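It should be emphasised that the depicted structure is a prediction, and the values quoted were computed from it without experimental measurement. Per chain, numbering begins at 1; letters A, B, ... match sequence-line order.
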2 protein chains.
Amino acid sequence: MSRRKTATIRDVAEAAGVSIATVSKFINRQQSFSASVEEKLRSAISELGYSQNPAARSMVTGRTTAIGLAVMDIANPHYANVMKGANRVALANGYNLLVVDLEEKATGVRELLEPLALRTDGLIVSARIPAAVVDWLAGLNKPVAFLGQPERQGVVSVGMDSVEAASLLAGYLVQQGFTRIGYVGYGRAAWNAERLRGLHNVLDAAGVELMEFDAEEPTSEAGEKVAARVLLRPDRPQAVIGCNDLVAIGFMTEARALGFRIPQDIAIAGIDNIPTSRYVSPPLTTVDVFSEATGEWVMKQIISMATGHSPDVHMPHEPLLVVRESAKRADGEERAGTQTNPEY
Amino acid sequence: MSRRKTATIRDVAEAAGVSIATVSKFINRQQSFSASVEEKLRSAISELGYSQNPAARSMVTGRTTAIGLAVMDIANPHYANVMKGANRVALANGYNLLVVDLEEKATGVRELLEPLALRTDGLIVSARIPAAVVDWLAGLNKPVAFLGQPERQGVVSVGMDSVEAASLLAGYLVQQGFTRIGYVGYGRAAWNAERLRGLHNVLDAAGVELMEFDAEEPTSEAGEKVAARVLLRPDRPQAVIGCNDLVAIGFMTEARALGFRIPQDIAIAGIDNIPTSRYVSPPLTTVDVFSEATGEWVMKQIISMATGHSPDVHMPHEPLLVVRESAKRADGEERAGTQTNPEY
DNA sequence: AAAATTCAGTTAAACGTTTTCTTGAAATTG
DNA sequence: CAATTTCAAGAAAACGTTTAACTGAATTTT
């Protein structure tokens with residue numbers, strides 16, 4: 001395990017009989033070289049197994065060729081796919097990716113972000129963070145992009161259109177003929193207000209009532225709990241929208257466990273279109289927010305900003321309604337009324 | 001967006017009227033200070049908003065306080081949870097996490113790993129990689145841990161016991177009375193051979209036939225494809241084990257689409273116990289491999305090695321069978337024979 | 001053929017820290 | 001009270017690069 005120290009640029013220079021400046025220019029392909037020098041450099045480098053020390057390089061250039069990505073929950077498939085997209089374009093551009101999982105924390109975020117900011121050329125933050133932290137980030141000398149966060153000056157704020165995503169779902173449910181619709185939100189998320197707004201835009205116009213519920217976490221477990229609470233009420237909704245697919249799936253599972261048929265007894269829909277939503281029963285109607293493409297896109301933005309270009313404000317994708325089985329109106333069949341719990 | 005250059009240790013020294021050595025010792029809490037100096041330092045630092053430049057620091061110390069993590073697929077919930085655990089203990093110990101998603105690639109891995117190796121104090125590699133790359137990693141002056149990779153000298157190889165996980169499942173299926181069992185493997189994964197071995201250990205002893213199938217990828221989509229191919233054969237198995245939960249879930253979904261009842265017509269089980277497996281219908285019988293705990297554990301190992309201690313060879317958790325509905329033997333009911341496809 | 005330009009390569013300063021020696025002063029000991 | 005030890009603080013040398021300014025030879029231009 002213990003070896004001699006790793007070779008430096010100086011060792012290469014000595015072995016090749018040139019100056020270190022020449023070696024530096026060679027590795028960075030900054031000019032052309034005589035055949036003899038080129039050959040000597042090439043063999044010296046491979047013989048010594050030399051590779052650049054990124055710390056030293058970044059000290060003089062002031063750049064790190066790394067981008068930081070902070071998300072609320074690494075294990076949430078939506079964020080995982082954002083990361084996947086971000087990772088892909090980072091690597092393709094010679095950047096490395098530093099990640100930090102905020103684990104849905106609301107405090108101590110700055111302490112987590114600070115080392116990230118110091119080690120990178122730019123930050124992508126997909127989380128709701130305190131205003132003071134946003135201000136601090138804006139004062140940094142680095143490009144910062146927020147995903148799913150309202151606009152704020154000094155930082156780029158991008159990502160899916162939550163308002164539109166929610167409107168799409170509301171429109172579909174209204175069109176299916178539902179007149180009492182529930183929303184299982186997650187009040188502590190930045191995007192929750194937008195989704196609620198999108199819902200109201202459509203529902204208010206259609207004169208449809210919206211019943212709001214709140215999940216403790218944006219997870220399936222929390223969705224189950226809400227379902228257990230909500231479905232036993234006599235005035236339970238006919239259709240329920242989860243603030244994301246995870247919540248919707250938890251809700252659906254608990255509903256089935258309670259003996260409800262989906263969608264005949266209760267219709268359910270989510271937002272995100274995580275891979276799993278295709279594999280639950282019935283398949284979940286949802287809105288695709290193009291998580292992976294969003295990750296790719298925001299990483300492109302950050303890298304372009306970090307290299308001195310201005311960001312492109314154009315959004316990559318509009319949210320897209322994905323109609324599956326979980327929220328169809330029961331054809332012709334009379335809806336189970338509010339007065340009875342079917343099979344229960 | 002553009003500000004004056006960020007403050008350096010020299011600026012702090014000047015503002016506080018002390019030498020830079022003193023400042024350095026102060027930030028690193030290396031000695032005690034007179035009250036007056038301490039106060040001046042404290043206010044100078046906060047006034048200038050000074051923070052350490054990690055690149056400069058790491059140049060002289062030779063350490064980076066960062067750990068690299070390479071996984072086959074960021075979006076696979078198993079790996080996502082490994083990352084989650086790894087992230088948690090990294091942050092708790094003042095380390096940052098660099099990740100790279102190998103995207104199931106088999107070539108060009110070294111090129112992806114090299115920058116990671118250069119920027120970190122240690123590497124966790126959860127992927128099958130070519131022998132030459134393993135050798136190169138072993139020659140690095142850094143601790144490297146493999147997850148789900150056979151032992152190799154010079155590197156620590158840890159992670160779940162795939163052999164045992166598979167044996168558990170085989171044992172359960174045999175005990176349920178199944179006599180023709182299928183395995184949907186993923187030949188290109190490092191752990192596949194071990195899982196196969198674990199299966200054979202039990203099945204051969206019990207005199208139960210194992211039918212092997214291969215998925216193109218370790219994903220649900222691939223699982224669906226295999227199901228479409230396998231279930232129409234007259235000699236189809238009575239029970240099928242997916243090489244992981246994703247594959248098993250895809251298989252199950254396609255089976256249901258083809259009209260098979262689970263588990264009456266075909267029993268299905270997976271490995272990993274990803275969160276989703278609880279939410280599919282029926283809930284998936286699987287083996288918990290404690291992804292998150294594994295991530296925590298391996299990160300602890302790497303950090304302890306990176307700080308000069310020797311690694312702990314003790315495994316964190318034995319795999320644990322999680323019995324749910326998808327692989328129960330139909331009680332009393334005669335199994336659907338091989339000659340008919342039910343409801344089809 | 002002289003003048004100007006290109007070109008391959010070198011010198012040396014700088015980047016922002018940590019750390020090993022020093023250095024006096026203060027505190028402790030005999 | 002002299003001798004020793006402890007202690008806070010400083011000077012200066014690294015750490016491994018990049019890059020601006022420079023040099024002299026070779027090539028092109030006039």
Write down the distance between CD (Glu38(B)) and C1' (dA9(D)), rounded to a whole number of angstrom. 14 Å

How would you label the contact of Ser24(A) with the nucleic acid (heavy atoms, under 4.0 Å): base, sugar-phosphate, or nothing? base

Contacts of Ser304(B) meeting side chain to side chain contact (heavy atoms under 4.5 Å, CB included) (sequence neighbours excluded), chain-then-number -> His309(B)

Nearest-nucleotide check on DNA chain D, Lys25(B) vs Ala56(B); residue mapping nearer the 5' end is Lys25(B)

In whole Å, I'd like the distance from the CZ atom of Arg29(A) to the P atom of dT18(D). 13 Å

With a cut-off of less than 4.0 Å, is there a side-chain N or O of Thr22(A) near OP1 or OP2 of dG9(C)? no

Could you state the CD1-P distance from Ile20(A) to dT19(D), rounded to the nearest angstrom? 13 Å

Nearest to side-chain heavy atoms of Gln31(A), which nucleotide of dG9(C), dT17(C), dC15(D): dG9(C)

Can you tell me if Glu14(A) has over 12 outside heavy atoms packed within less than 6.0 Å of its CD? no

Taking only Watson-Crick and G-U wobble pairs with both distances under 3.5 Å, what dot-bracket line describes DNA chain D, where [ ] shows pairs that cross earlier ones and | shows pairs with another strand? ||||||||||||||||||||||||||||||

In whole angstrom, what separates Gln30(A)'s CD from dT17(D)'s P? 14 Å

Per Met59(A) side chain, nearest of listed nucleotides dC15(D), dG16(D), dA9(D): dG16(D)

Could you work out which one of dA9(D), dA8(C), dG16(C) sits closest to the side chain of Ser32(A)? dA8(C)

Return the 5'-most residue of the pair Val23(B), Ser36(A) with respect to DNA chain C, ranking by each residue's nearest nucleotide. Ser36(A)

For Leu41(A) and dG9(C), what is the distance between atoms CG and C1' respectively, to the nearest whole Å? 11 Å

Under 4.0 Å: is that the gap between some side-chain N or O of Asn28(B) and OP1 or OP2 of dT18(C)? yes

What nucleotide, of dG10(D), dT10(C), dG16(D), holds the atom closest to the side chain of Val18(A)? dT10(C)

With a 4.5 Å limit on heavy-atom distance, are the side chains of Leu97(B) and Met299(B) in contact? yes

Please determine, for the side chain of Ala21(B), which listed nucleotide (dG10(D), dT18(D), dG16(C)) has the closest atom? dG10(D)

Step-by-step side chain to side chain donor-acceptor pair (under 3.5 Å) determination, Asn28(A) to Arg57(A): CA-CA 11 Å; Asn28(A) 299 329; Arg57(A) 168 173 237 264; 3.3 Å; yes

Over all strands shown, is Thr8(B) touching base, sugar-phosphate only, or nothing at heavy-atom distances under 4.0 angstrom? sugar-phosphate

Distance in angstrom units between Phe33(B) CZ and dA9(D) P, rounded: 7 Å

Supply the atom-to-atom distance Ser291(B) OG to Asn76(B) CG, rounded to the nearest 0.5 angstrom. 8.5 Å

Salt bridge Glu114(B)-Arg110(B), side-chain N to carboxylate O under 4.0 Å: yes

Between Gln52(B) (CD) and dT17(C) (P), how many Å, whole number? 7 Å

Specify the separation, in whole Å, of atom CZ of Arg63(B) and atom P of dC15(D). 18 Å

Answer yes or no: is there an ion pair linking Glu38(A) with Arg42(A), defined by an N-O contact shorter than 4.0 Å? yes

Out of dT11(C), dT17(C), dA11(D), minimum distance to the side chain of Ser19(B) belongs to dA11(D)

Looking at Glu104(B) and Arg188(B), is any side-chain nitrogen of the basic one under 4.0 Å from a carboxylate oxygen of the acidic one? no

For dG16(C), take OP1 and OP2 only and decide whether either is under 4.0 Å from a side-chain N or O of Arg10(B). no

Using a 4.0 Å heavy-atom cut-off, does Tyr50(B) contact any base of the nucleic acid, only the sugar-phosphate backbone, or nothing at all? sugar-phosphate

